[in-house]
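Within every chain, numbering begins at 1; the chains are lettered A, B, ... in the order of the sequence lines, protein sequences first and strands thereafter.
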2 protein chains.
Amino acid sequence: MEHLHDRRAPTRIADIARDTGTPRSTMYELVNTLVEARWLELRDGDGTVYFGPAMHYYGSDYLDSVDLIRKARVEVAHIAELVGETAQFCTLDGDKYLVVLNEPGRRMFRISSEIGIKVPIPWTASGRLLVDHMDADEIRRFIPSEDFTLPDGRRIAEDEFLEDMHRARTQGYVRTTALVDRFTTCLAAPVRDPAGRCIATICFVVPADTTEEAQQVMIDTLKASAERLSPGR
Amino acid sequence: MEHLHDRRAPTRIADIARDTGTPRSTMYELVNTLVEARWLELRDGDGTVYFGPAMHYYGSDYLDSVDLIRKARVEVAHIAELVGETAQFCTLDGDKYLVVLNEPGRRMFRISSEIGIKVPIPWTASGRLLVDHMDADEIRRFIPSEDFTLPDGRRIAEDEFLEDMHRARTQGYVRTTALVDRFTTCLAAPVRDPAGRCIATICFVVPADTTEEAQQVMIDTLKASAERLSPGR
DNA sequence: ACCGTTTGTCCGAAATATCGGACGTCGGTC
DNA sequence: GACCGACGTCCGATATTTCGGACAAACGGT
């Protein structure tokens, strides 16, 4: 299952066996068992398998069972529809950033969601909010050093990151441009627990050439949503 | 996992063991393994377990991988936001009706979704569309006789069902009131394949006292969405 | 038509998980 | 303070699954 999630594509059984180092005969038995239970599904008739409907049912049960996520679903759907851009709800998972909810905007430009994919904290706007309760030392210990290197090889200076973080805390939102992707801007606002600690973020992913006025509207929208999601406020 | 899905609530390990007839020690080992993999999650500190985040990630991958469902997500989110009522996307699973997508409306009146729960076809509005390619004989063979009995004991006459079905086909939508629940009206429109066969439905679940004008707007909305979802049209 | 590769199934030996019971701990009740 | 039931862990015997190799069928390129 993990392998399929990483590949994010229907995969042939023999390939799964080879790439995970599992004996072929074992993988065939395993997959057949899981297909019967509808955890997996045979696709296309070309012998590939991928996740089946049972995963969706169980996943929905999970979403409904977590209070904050259930509320966030409503907010994310609402603001994505309102603004027409891709909206997300994100948290930390260990020392990585994680997209929990993704609602694509009307713009059809990125189909694949990144739900469940872990990303280095410094690569993201939300990351600057999610660690803003730590001081410089704690952050250095918490975020692996290599995570400050972007996919294109550029390196984010540590004090630049800390500066972003402090500005974000005073402004109540954060904006980053051309971090992971040259043409994308991210806008994020913090969801905070009663102690003021950022436990999640809600954000927009928009083209970098979006007008400043439009971005201001989005920032206000995000702040309002984030406030509604912050427990005990 | 199936047991948790049926119960739809965090459950204590010992209860799962008892109710599924599994030895207690086995269930403890099993649950601990799955908790480590984040397929399950310990809740509340009261020793209950329920689905974990991994199920959500895998479920999202499934939704993204099925073309019709991916498109339906956009439609359902859109019309739920537009109208402010609960919208759903449904299909058949064997001889049962199944909610695949559920987007709650602004009305907060039913929190729990029914995603992945199977329901007898005659209990639903959509059911009258999903079998409308069959003749009376085929339907009699396809739908178990006991499924024509509603939860409150009333029985739906077979020719009444057939009549509903034919009316639905000519009108392009179906409306049912007080079927499963005395105060609820369902409005549904068919998603059809190029051969004209109903492969899914998109529907609203609204209070029975919703005005006729509002319902007409919803019906038009549903028909437009269903048309957009119908492949090869 | 040929041959090398991939696919899916089958088998017995070896590795692993399950089972059922025993046991210590924890909270409530009388 | 003694008793009771529920929780969680541990253990050896037993049942199940995995493994690796063998094999036939299907496929693709020359």
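Nucleotide dT6(C) holds its P atom 12 Å from the OH atom of Tyr28(A), rounded to whole Å. Atom CE of Met27(B) and atom C1' of dG20(C) are 15 Å apart (whole Å). For Ile16(A) and dT7(C), the CD1 to C1' distance is 14 Å, given to the nearest whole Å. Atom CG of Asn32(A) and atom P of dT7(C) are 14 Å apart (whole Å). Following rounding to the nearest Å, Glu29(A) (CD) and dG21(D) (C1') show an atom-to-atom distance of 14 Å. Going from atom CZ of Arg18(A) over to atom C1' of dT6(C) covers 11 Å, rounded to whole Å. Between the C1' atom of dG8(C) and the CD1 atom of Ile13(A) lies a distance of 8 Å, rounded to the nearest Å. In this structure, the CG atom of Asp46(B) is 14 Å from the P atom of dG28(C), given to the nearest Å.
A donor-acceptor contact shorter than 3.5 Å is absent between the side chain of Trp39(A) and the backbone of Pro53(A).
Counting non-hydrogen atoms under 4.0 angstrom, Leu30(B) reaches the backbone sugars and phosphates but no base.
Other residues, nucleotides and ligands contribute only 12 or fewer heavy atoms inside 6.0 Å of the CD atom of Glu2(B). Other residues, nucleotides and ligands contribute over 12 non-hydrogen atoms within 6.0 Å of the CD atom of Glu146(A).
Nearest heavy atoms, Met1(B) versus Phe51(B): O-CZ, 3.4 Å.
Interface remark: the Arg24(B) side chain does not form any donor-acceptor pair with the dG20(C) base, using a distance-only criterion of under 3.5 Å.
Distances shorter than 4.0 Å separate none of the side-chain N or O atoms of Ser25(B) from OP1 or OP2 on dC19(C).
Each of Gly21(B) and Arg12(A) has a nearest nucleotide on DNA chain C; the 5'-most of these lies closest to Arg12(A).
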